[in-house]
Structures are given as C-alpha cells and as structure tokens.
Amino acid sequence: SANRSFKQNPASEMTKSPFPTLDKVLGFLVNLSFILMIAVVLLQIIARYALPWSPNWTEELARFCFIYLVSMGAALAVKDNGYVSVNFLLDRLSPKYKSLLENIILVCIIGLMFTQFVVSLPLMEIVRIQRSPSMNLNMAFMYGAMAIMGLSVAFYSTLKLIEKNR
C-alpha cells in the first residue's frame, strides 16, 4: 500500500551520539533560530497592522534564521533518522542488498555534503565584501550556513556509516 511506502523513522530509533555536546549545541542553535524566526515574523505582522510603520529588516532576519535552522537541523535529522524516506525499493531487497544500498546512499550523502562544504568556502571568500541590504550583515555569514550544513551532515553521515558497519 502507498502508506507503507512512506516511512518516517520513529524517535525511538534515535542513536546515542558519541558527541553529545555537539548535539546539544546544534539543538540549542536550531531552537534559537526557530524562536527568533517566529518572533520576528510576529513582530512584522503586529507592526504591519498596529503601527504606522513596520521594520524592513524582519523579513531578512526571518530568512537568515530559516537558512540556519535548516542547515543545522539537517545534521540532527541525519543523526536521529529524522528524514522521511521512501522505502518501497529497500523493503523488497534481501537484508544483504538492503544494507549494501544503505551504505551506498550514505557514501553518496557524505560525498555530496563534503563537496558542498569545500565549494562553500571559496564562495564565502567571494561574498565577504557584500552586505545584506536591510541588516548590513556580512554575506559570508550567510554563505557559512552552506559550510555548516555540508560539514555537519557529512560528519553525522560518516558516524552513521561507521555505526552501521560495526
């Protein structure tokens, strides 16, 4: 059935990380980004209807919070098996080939995310002279989200690959 084809790994499958401090820092930053994003969007809504003016920086800050929320949250989702996955192919394979395909997928994720990390570093250098329009933030900070995501997802995927093949 179609319902069985889409499977989200339950929270009970969360793995104990060998780096709990990193997990806590990423979790705190994800929560902070989320709370800040909600707060600035609410400020924009209230200001639009209740004040004669509305701050022009709220949309930009909400966008930046969302970018960092996704960048850091992606790594935690890998760690906790939090991604929705389509398993109709995996469910039809023997355990041996299922494990092999899962390893191939993890290696591809590691390669892609490490490439993203490496490519984002020169981009950060290129945009370091640019400033965001409303908040005047250095745009290298925003492109840094790509580096954070690439490195952290590759890191947690590598841990998952090592753990899986022990």
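Worth saying up front: this structure is predicted, and the values here are computed from it rather than measured.
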Q: For M135 and L61, run side chain to side chain contact (heavy atoms under 4.5 Å, CB included): C-alpha distance rounded to whole Å, both residues' side-chain angles, the deciding distance at 0.1 Å, then the answer.
A: CA-CA 8 Å; M135 298 178 58; L61 182 56; 3.6 Å; yes

Q: Any chance you could measure L36, atom CG, to L29, atom CG, to the nearest 0.5 Å?
A: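 Separation between the atoms: 11.5 Å.
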
Q. Out of curiosity, N103 CG to Y97 OH, how far, rounded to the nearest 0.5 Å?
A.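 It comes to 14.0 Å.
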
Side-chain ([X]) to main-chain ([Y]) donor-acceptor, under 3.5 angstrom:
X: N138; Y: A140; answer: yes
X: S71; Y: I148; answer: no
X: Q116; Y: M146; answer: yes
X: Q130; Y: M139; answer: no
X: S99; Y: P95; answer: no

Side-chain touch [X]/[Y], heavy atoms, less than 4.5 angstrom:
X: L22; Y: Y156; value: yes
X: F141; Y: Y68; value: yes
X: M72; Y: S152; value: no
X: E102; Y: L161; value: no
X: F19; Y: L159; value: yes

Around atom [atom1] of [X], are there more than 12 heavy atoms from other residues, nucleotides or ligands closer than 6.0 Å?
X: I104; atom1: CD1; value: yes
X: K164; atom1: NZ; value: yes
X: Y143; atom1: OH; value: no

Q: Sort out for me which residue in V70, V25, L69 forms a side chain to side chain contact (heavy atoms under 4.5 Å, CB included) with V30.
A: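 Single side chain to side chain contact (heavy atoms under 4.5 Å, CB included) partner of V30 among V70, V25, L69: L69.
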
Write down the atom of [X], the atom of [Y], and the distance for their closest heavy-atom approach.
X: L26; Y: A75; answer: CD1-CB, 4.3 Å
X: L101; Y: L90; answer: CD2-CD2, 3.5 Å
X: S157; Y: L106; answer: O-CD2, 4.1 Å
X: E60; Y: P133; answer: OE1-CD, 3.1 Å
X: S134; Y: N56; answer: OG-O, 3.3 Å
X: A147; Y: L121; answer: CB-CD2, 4.3 Å

Q. Given the rule in the side chain to side chain contact (heavy atoms under 4.5 Å, CB included) test, do W57 and L43 qualify, once you have shown the distances and angles that lead to the verdict?
A. CA-CA 11 Å; W57 51 266; L43 173 64; 3.7 Å; yes

Please determine whether residues [X] and [Y] belong to a single hydrophobic cluster, defined as Ile, Leu, Val, Met, Phe, Trp and Tyr linked transitively by side-chain heavy-atom distances below 4.5 Å.
X: L89; Y: I105; answer: yes
X: V107; Y: V118; answer: no
X: I35; Y: L76; answer: no
X: Y83; Y: M113; answer: yes
X: I162; Y: I110; answer: no

**Q.** Partners passing side chain to side chain donor-acceptor pair (under 3.5 Å) against R128 (at least two apart in sequence or in another chain)
**A.**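 In terms of side chain to side chain donor-acceptor pair (under 3.5 Å), with neighbours along the sequence ignored, R128 is linked to E125.
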
**Q.** Residues V40, E59; criterion side chain to side chain contact (heavy atoms under 4.5 Å, CB included); working and verdict
**A.** CA-CA 8 Å; V40 297; E59 180 189 344; over 6 Å; no

